Peer 1: 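My questions will all concern the structure given below.
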Amino acid sequence: MSRTASLRRVATAYVVALLVATAWVLVGPDTGRLWLDALLADVVATLAVFGFSRAHKNSSFYDAYWSVAPPVLLAFWWIVAEPAGDAARSALVALVVVVWSVRLTANWLVGFPGLHHEDWRYPLLRERAGRAELAVDLVAIHLVPTLQVFAGMLPVYVVLTRPGRGLGWLDVVAAVVGLGAIALETVADLQMRRFVRDRSPGEVMDRGLWGWSRHPNYLGELGFWVSLALFGLAASPGDGWWLFAGALAMLAMFLGASIPMMEQRNLERRAGYADVVAGAALPAPAVARHESSDGGALVTRPRVVVAGLGDTGVLTAVRLTRHVDVVGISSKPGLVSGQELGRRLARPEEWQRDYRIGFDRFRGLRRARTVHATLTGLDLDGRRVLLETSDGVTTIEEYDVLVVASGVTNGFWRRPDLQSPAEVDADLRSAHEQLAAAGSVVVVGGGAAAVGTAANLAGRWPDTEVHLHFPGERALPQHHPRVWRTVRRRLERLGVALHPGHRAVVPEGFACDRITQGPVAWSTGQESSYSDAVVWAIGRVRPNTAWLPASLLDDDGFVRVTPQLQVPGHPEVFAVGDVAATDPLRSSARNRADRLLARNVRAHLAGRALRAYRPPGRRWGSVLGAQHDGLQVFAPDGRGYRIPRWSVDTVLQPWVVRWGIYRGVSAGRGSRRCRSPR
Ligand SMILES: Cc1cc2nc3c(=O)[nH]c(=O)nc-3n(C[C@H](O)[C@H](O)[C@H](O)COP(=O)(O)OP(=O)(O)OC[C@H]3O[C@@H](n4cnc5c(N)ncnc54)[C@H](O)[C@@H]3O)c2cc1C
């Protein structure tokens, strides 16, 4: 929902709340006590806002209520009070309340991103509450703040309803404290807003008011409530201490809940925050609701968001976590690699031991925060990405540096949909079972995925007829010709029927995203082919870039990058892997550009020179994956090198890949999942 539409929705909620409260006052039970009638109407209005919060699954509906309700209470008391309080004092307190309210509401308005965003504390509170989340949402997020503000406003009630003494020195003190507090809060918010906008990565906010207080804006907020208590004291000195009860309750909430929650969050997210808590400035009180736009963070450490945790995203994140705060975003519940389709289809239990790994098993990711969500948007100016979680909640992640590694969609095996572990399991199992049950399989395509699939299916099920159809004279056109010569001999030994010169007609509207049955027609003139299963691997890749602004993309929708892997015009945005338009083959994943990228991200943050990515002109690497006689890896010049089978399982995977490349992967349950039926 756009910001304007969101604002309209919030305004509607408040108008409804006002109407409901007015109706309550007019036709509801009369308690005979003005303050109690106002309290009940305030609670009824809060319930109305709560209804909107629940309907939109976003408790931030309530945020502005904090600053909007007090002038309404004030107006109500002023109009209805009989007898009325001292006119000059009433006017003075009204001035302070209205200035405070307008300022704070405007501050909320400026920082309001829209209803896709929710204050980070609310989901945390609801999550902690478990089954009591509705009660916590109602009481802790909505009713308690309403009661606190009401308690803070009671001195105003006293001012407006007790004639008391005429204006005195205490009123002047109260007005000076109130207006001074508002000024303090305003300057603090402006300083923080400017800092967040212009900050350089790693910079610490220790200037201006923030240099002497950890929470100058909160201190200002408390000052405002104290000033109301002082006005009350001036109007009715006999009421004494309880006039300060509201301000004291706020102080208790700030010190007991708001500050600890916020500081805990900063400690978790920003390594340098511990130093600030230990060494910085005045311990000042905090207000829950009106933090600066970056969540009240006073120190910013470089924060790198890795968008997409596939093959390159994981490797990049692993290389960065020791140096910066890393947030990895993935639509998958762990690494579900795009590599080795053939082995994945033929021997999924083996494949997932090496290529499906929960994020918690990567030692290098332990310091990172991984978010299971779909990327839905990028705000380049605000330096934040938008995400949607499985329950439909939209959140935001801010970054100093963004690494785009969202890969491509390819066939049925690489899709960006948000999946649970059970759904990943089901995908693996169903493709395998379909092929296991087939007596004949047609594989369409001439790239590594198609060739590897044909070889692995034939090796796994020797009785199954496997046909490989490819358009040119030879398959693997992007590899050196020697590679095809070697691989062809192997395919022939395995009994794969080779059909060069076949270009399939892709049925209208079919995205090649499932294994099909039935005939395949050929635009190259041959008879249609019939088989029990057709694997479409025609290399129709689509970049996963729907969430990115078009200005970052080339004509084919891939992310434009400089040789340094930076997006032109946006040096804080990098891209790597299959999504990055690095070279015609978009080969930065297999060429391990994650290392260069991690280095360049650090160089960018430190203001050092960046290095360039130089891709080889031809594809290289493994085509068939590990076979019973070992793993054959082809160099760019087409020469093949065989790694013996025994060393694949005892040296290559555990030591070279898990330790050398991934920097440590703990044992997991992955290999027990998804057993093959035959
Ligand atoms: C070490 C290594 C060795 C390799 N060896 C070979 C080889 O021998 N032969 C060969 O042919 N190739 C090889 N490759 C390359 C490989 O085939 C692919 O190029 C590689 O899988 C691409 O990785 P990627 O990170 O770009 O994309 P992916 O692995 O597809 O990762 C993209 C991730 O982003 C997620 N995503 C996408 N959109 C969204 C969204 N909107 N919101 C949230 N998440 C999203 C996807 O779900 C996925 O998890 C190798 C790669 C590596 C890293």
Side-chain angles (χ1 to χ4, degrees), residues 305-319 328-344 354-357 359 370-378 385-390 397 403-411 413-419 423-424 427 447-452 476 478-479 483 537 539 541-548 558-559 575-582 585-595 597 618-626 631-636 640-641 643 652-653 656-658 660-662:
V305 166
V306 180
L309 285 178
D311 282 317
T312 38
V314 164
L315 287 168
T316 306
V318 161
R319 267 160 188 79
I329 294 151
S330 175
S331 55
K332 305 297 172 203
L335 171 66
V336 182
S337 171
Q339 296 183 55
E340 297 212 7
L341 173 64
R343 221 167 130 220
R344 168 176 165 158
D354 299 332
Y355 293 109
R356 180 186 176 189
I357 305 173
F359 295 134
T370 54
V371 182
H372 188 205
T374 300
L375 295 147
T376 54
L378 167 62
V385 289
L386 307 186
L387 319 172
E388 188 173 315
T389 57
S390 56
E397 289 292 344
V403 175
V404 179
S406 48
V408 295
T409 297
N410 192 4
W413 63 97
R414 285 180 75 186
R415 284 185 314 211
D417 2 338
L418 194 64
Q419 284 189 308
E423 287 166 334
V424 175
D427 263 8
V451 171
L476 302 178
Q478 292 169 337
H479 288 74
V483 179
V541 297
R542 294 190 310 280
N544 296 326
T545 48
W547 60 283
L548 291 171
F558 292 86
V559 180
V576 70
D578 290 3
V579 78
T582 45
L585 298 178
R586 291 186 290 270
S587 64
S588 65
R590 84 203 48 206
N591 290 316
R592 298 294 320 283
D594 54 277
R595 291 174 295 197
L597 178 73
R618 286 189 187 277
R619 282 196 194 271
W620 67 279
S622 144
V623 174
L624 307 181
L631 174 72
Q632 192 162 30
V633 178
F634 296 97
Y641 300 91
I643 302 170
L652 182 74
Q653 276 300 336
V656 178
V657 176
R658 288 193 207 128
I661 295 181
Y662 287 120

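By convention here, the first residue in the shown sequence is residue 1. Counting starts at 1 for both ligands and their atoms, following the listed order. None of these values were measured; they are calculated from a predicted model.
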Peer 1: Would you mind running through ligand 1 and noting each atom that sits below 4.0 Å from a heavy atom of G577?
Peer 2: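 In order of number, 26 (O).
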Peer 1: Side chains of S337 and D311: any donor to acceptor distance under 3.5 Å?
Peer 2: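 Yes, because at least one side-chain N or O of D311 sits under 3.5 Å from a partner of the opposite role on S337.
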Peer 1: Give yes or no for whether the N/O distance cutoff of 3.5 Å, strictly under, is met between L375 and ligand 1.
Peer 2: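 Among all N and O atoms of L375, at least one is under 3.5 Å from an N or O of ligand 1.
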Peer 1: Just which atoms of ligand 1 are under 4.0 Å from any heavy atom in G407?
Peer 2: 26 (O), 27 (O), 32 (C)
Peer 1: Just going by heavy-atom distances, which of G377, S406, G452 is nearest to atom 36 (N) of ligand 1?
Peer 2: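 Looking at heavy atoms only, the winner is S406.
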Peer 1: When you measure from the centre of the six-membered ring of F558, is the NZ or CZ of R586 closer than 6.0 Å and no more than 45° off the axis?
Peer 2: yes
Peer 1: Please check whether S331 reaches ligand 1 - meaning an N/O of the residue sits under 3.5 Å from an N/O of the ligand, judged on distance alone.
Peer 2: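 Among all N and O atoms of S331, at least one is under 3.5 Å from an N or O of ligand 1.
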Peer 1: Before signing off on this row, confirm whether R590 and ligand 1 have an N or O atom pair separated by under 3.5 Å.
Peer 2: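 Min N/O separation from ligand 1 is below 3.5 Å for R590.
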Peer 1: Ignoring hydrogens, just give me the one of R414, R586, R415 whose non-hydrogen atom is nearest atom 27 (O) of ligand 1.
Peer 2: R414
Peer 1: Pull out every atom of ligand 1 sitting under 4.0 Å from any heavy atom of S622, numbered as shown with elements.
Peer 2: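 Under 4.0 Å from S622, ligand 1 has these atoms: 7 (C), 8 (O), 9 (N).
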Peer 1: Counting only heavy atoms closer than 4.0 Å, does ligand 1 sit against the backbone of T376, its side chain, both, or neither?
Peer 2: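 It is neither part, as no heavy atom is under 4.0 Å.
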Peer 1: Give the atom numbers and elements of ligand 1 that come within less than 4.0 Å of a heavy atom of K332.
Peer 2: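 Here the atoms of ligand 1 in question are 47 (O), 49 (O).
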Peer 1: Run the numbers for me: atoms of ligand 1, each under 4.0 Å from some heavy atom of N544, listed by number.
Peer 2: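 Here the atoms of ligand 1 in question are 37 (C), 38 (N).
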Peer 1: Closest by any non-hydrogen atom to atom 32 (C) of ligand 1: pick that one out of G308, P333, A405.
Peer 2: A405
